[in-house]
Amino acid sequence: MRKVLLATFLGSAAALAVGSASANDALMKMSQNPKDWVMPAGDYANTRYSKLNQINAQNVGKLQVAWTFSTGVLRGHEGGPLIIGNIMYVHTPFPNKVYAIDLSQENKIIWKYEPKQDPNVIPVMCCDTVNRGVAYGDGKIFLHQADTTLVALDAKTGQVAWSVKNGDPAKGETGTSAPLVVKDKVMVGISGGEFGVQAHMTAYDIKTGKQVWRGYSGGPDDQILVDPEKTTALGKPVGKDSSLKTWQGDQWKIGGGATWGWISYDPELNLIYYGSGNPSTWNPKQRPGDNKWSMTIWARNADTGLAKWVYQMTPHDEWDYDGVNEMILSDQPVNGQPRKLLTHFDRNGLAYTMDRVTGELLVAEKYDPKVNWTSGVDMDKNSPTYGRPKVVSQFSTEAGGEDKNTKGICPAALGTKDQQPAAYSPDTQLFYVPTNHVCMDYEPFKVSYTAGQPYVGATLSMYPPAGESHMGNFIAWDNKTGKIVWSNKEQFSVWSGALATAGGVVFYGTLEGYLKAVDAKTGKELYKFKTPSGIIGNVTTYENGGKQYIAVLSGVGGWAGIGLAAGLTDPTAGLGAVGGYAALSNYTALGGTLTVFSLPN
């Protein structure tokens, strides 16, 4: 065992010992080895693409289960494992166990970490007790626990190297997101938009856990880390007090803008990219103004946290269209010129293509034709409303007012896509997007703020679009034209992260529990297998012993599966999801399992 561990970690340990800059270089190099999966999204660009091609469109139909592993936890399993050499790291929802599994020793458990956390954190976790994964760097595994503890574990032994509190659950702040290691820092966001937190993105020193910088989503310039003259929004300086001017009084202090989504990084530009979520409360009448910088794409300097540019997608949100979904970085030609692009599939049903250097908006189009709250984005650069969505008054919860039920809004609050990450293939130059095909009724009501108590102020119901019965689509998207290339219907929302491979195959999971493989060019279904529980985890691939494997966590839950996960039956519970997904219990049950697939020998 000891020899195996030494062999596995010798190369990375030697490289990581020479300093933080080299640590980043080592991680960059490791991420370029397709045999491993060393970051939550596979790479800094968040492409979820693998160069492995042993499993391809011709033979994927022969896949079979190679091995399985029970996590021992029943709630929703989002995210996916890391694979570093012969070691796989598997995480769970609360209580946030981490397992190190030796792939060369019949998948023997090397170590298990199980933190002792106050179970009182569970009621302040909005939409199930999920966790989206661990990160690796400097010989450590980084875990953001539900109680907001960021812990650094020795990757060889599981021993705690350091830990730091990233928030306060008593205020409703919780930890659900996957950290990202960038150079000598660990980046991590915070959850709690439904509890009126003042959300932030924070960088910690990888060696000590000391806080290096923290940038809030809303507040004074020195707290949100913007330069009034140098930080831009759609090419223009944001100006002094850009956030404060868009809130009434001190509302920004409980303004939400949570940062629980994915983080990407461009090493050449030294910028990290992430999104901020909904403003608090969900009742738009109680917070007049644009509520900046909630619902915003952020581009920040990785060393200092200073924002280079921002773009608010849904000013004065009226529907809970969190902007936290991943930013996928690609280098593609636009009008014959090479561009460094950022593509983002927002909860609001619009897919954005931007220049990630400057923040220029290039494309903003609906990626589900049923989206109806907006007629589209004003793309006229000379217009005073340039870059803003044009709201259809019929579906405005602000126009309807308090205690008025606005019906037939598409998408529902969980968006055309929630946290389930899309994938990008440089081979096809297409994006593969798991989507929700769901609409809602939304009734805002007045709510008062109490620290640690829900600060929502809206009642919801969810259902498929009128005249339709399916609640999900898995689509291929062209980010340069803003068009759907192909679309596959699914009975329920596709809440699993996608994986694209050089074998011309795209993988995803379904809420009923199927792992599916489809042809990257046509969308034709090539393989499916029903795992023990519904899949809200992200599909991963790796190579070990000369063989390619596909791995996915199943374990139904998350917002869509909260009824099953938490035993809820009131249709309006789970912020409306319980009623919308009531039929899910006919197809699957609880249980956390890692299922690993391979081709037959």
Verdict with supporting geometry, Phe395 and Trp319, ring-ring contact (aromatic ring centres under 6.0 Å, His included): CA-CA 9 Å; Phe395 304 111; Trp319 311 269; 9.7 Å; no
Contact between Ser264 and Ile328 at the side-chain level, heavy atoms closer than 4.5 Å - yes or no? no
Please test Thr281 against Asn283 for side chain to side chain donor-acceptor pair (under 3.5 Å), starting from the C-alpha separation and ending with a verdict. CA-CA 5 Å; Thr281 159; Asn283 179 357; 5.7 Å; no
No-hydrogen, no-angle side-chain donor-acceptor test under 3.5 Å, Ser191 and Thr176: yes
For Gly509 and Val494, the nearest pair of non-hydrogen atoms, with its separation, is O-CG1, 3.5 Å
So Tyr424 and Tyr49, ring-ring contact (aromatic ring centres under 6.0 Å, His included) or not? Walk me through it. CA-CA 6 Å; Tyr424 168 71; Tyr49 169 81; 7.8 Å; no
Step through the shown structure and confirm whether more than 12 heavy atoms of other residues, nucleotides or ligands are within 6.0 Å of NZ on Lys521. no
Min side-chain heavy-atom separation Val134-Leu82 under 4.5 Å: yes
Would you sort out whether Tyr352 and Tyr311 count as a ring-ring contact (aromatic ring centres under 6.0 Å, His included), showing the intermediate values? CA-CA 11 Å; Tyr352 299 86; Tyr311 171 59; 5.7 Å; yes
Trp559 versus Gln419, side-chain donor and acceptor atoms under 3.5 Å: no
Quick one: does Asn348's side chain have a donor or acceptor within less than 3.5 Å of a partner on Leu350's backbone? yes
Look at Lys417 together with Glu326 and state whether they make a salt bridge at an N to O cut-off of under 4.0 Å. yes
Less than 3.5 Å apart, which donor and acceptor atoms pair up between the side chains of residues 462-473 and the rest of the protein, not counting sequence neighbours?
| from | atom 1 | to | atom 2 | distance (Å) |
| --- | --- | --- | --- | --- |
| Tyr463 | OH | Gly408 | N | 3.1 |
| Tyr463 | OH | Met440 | O | 3.3 |
| Tyr463 | OH | Asp441 | OD1 | 2.4 |
| Glu468 | OE1 | His437 | NE2 | 2.6 |
| Glu468 | OE2 | Lys370 | NZ | 3.3 |
| His470 | NE2 | Asn473 | OD1 | 3.1 |
| Asn473 | ND2 | His437 | ND1 | 3.4 |

Please determine if Glu512 and Lys530 form a salt bridge, counting it only when a charged side-chain N lies under 4.0 Å from a carboxylate O. no
Could you tell me whether Arg347 and Asp322 have a side-chain N and a carboxylate O separated by less than 4.0 Å? yes
Student check: side-chain heavy atoms of Asn436 and Asp418 closer than 4.5 Å: yes
Leu584 vs Val556 side-chain heavy atoms within contact, under 4.5 Å: yes
Summary of ring-ring contact (aromatic ring centres under 6.0 Å, His included) pairs that have at least one residue in residues 510-536, sequence neighbours excluded: Phe529-Phe597
Scanning both residues in full, the closest heavy-atom pair of Ile550 with Val539 reads CG2-CG1, 3.5 Å
Can a side-chain donor-acceptor contact be found between Gln548 and Asn53 if the only test is distance below 3.5 angstrom? no
Nearest heavy atoms of Pro81 and Met88, plus distance in Å: CB-CG, 3.8 Å
Assign the ring pair Phe474 / Trp486 to parallel, tilted or perpendicular, where the plane angle (0 to 90°) is split at 30° and 60°. tilted
Could you tell me whether the side chain of Glu525 reaches within less than 4.5 Å of the side chain of Asn488, counting heavy atoms only? no
If I take atom NZ from residue Lys528 and atom CG from residue Leu526, how far apart are they, to the nearest 0.5 angstrom? 13.0 Å
For the residue pair Glu490 and Thr510, confirm or rule out a side-chain donor-acceptor distance under 3.5 Å. no
Check Tyr321, Trp262, Tyr367 against Phe345 for a ring-ring contact (aromatic ring centres under 6.0 Å, His included) and give me the one that passes. Tyr367
Taking atom types as modelled, is there a side-chain donor on His77 or Thr71 under 3.5 Å from an acceptor on the other? yes
Heavy-atom nearest pair, Ser177 first then Thr259, reads OG-O, 4.5 Å
I'd like to know whether Ile536 forms a side-chain contact (heavy atoms from CB on, under 4.5 Å) with Ser496, so could you lay out the CA-CA distance, the side-chain angles of the two residues, the decisive distance to 0.1 Å, and finally the verdict. CA-CA 4 Å; Ile536 62 170; Ser496 146; 5.9 Å; no
Any side-chain heavy-atom pair of Ser217 and Thr296 under 4.5 Å: no
ring-ring contact (aromatic ring centres under 6.0 Å, His included) for Phe195 and Tyr455? Distances and angles first, verdict last. CA-CA 5 Å; Phe195 291 82; Tyr455 187 50; 9.7 Å; no
List the steps, then state whether side-chain contact (heavy atoms from CB on, under 4.5 Å) holds for Tyr432 with Arg48. CA-CA 10 Å; Tyr432 302 96; Arg48 301 196 53 78; over 6 Å; no
Is the closest side-chain donor-acceptor distance between Ser50 and Tyr542 under 3.5 Å? no
Pro284 pairs by side-chain contact (heavy atoms from CB on, under 4.5 Å) with which of Thr397, Asn291, Asp317? Thr397
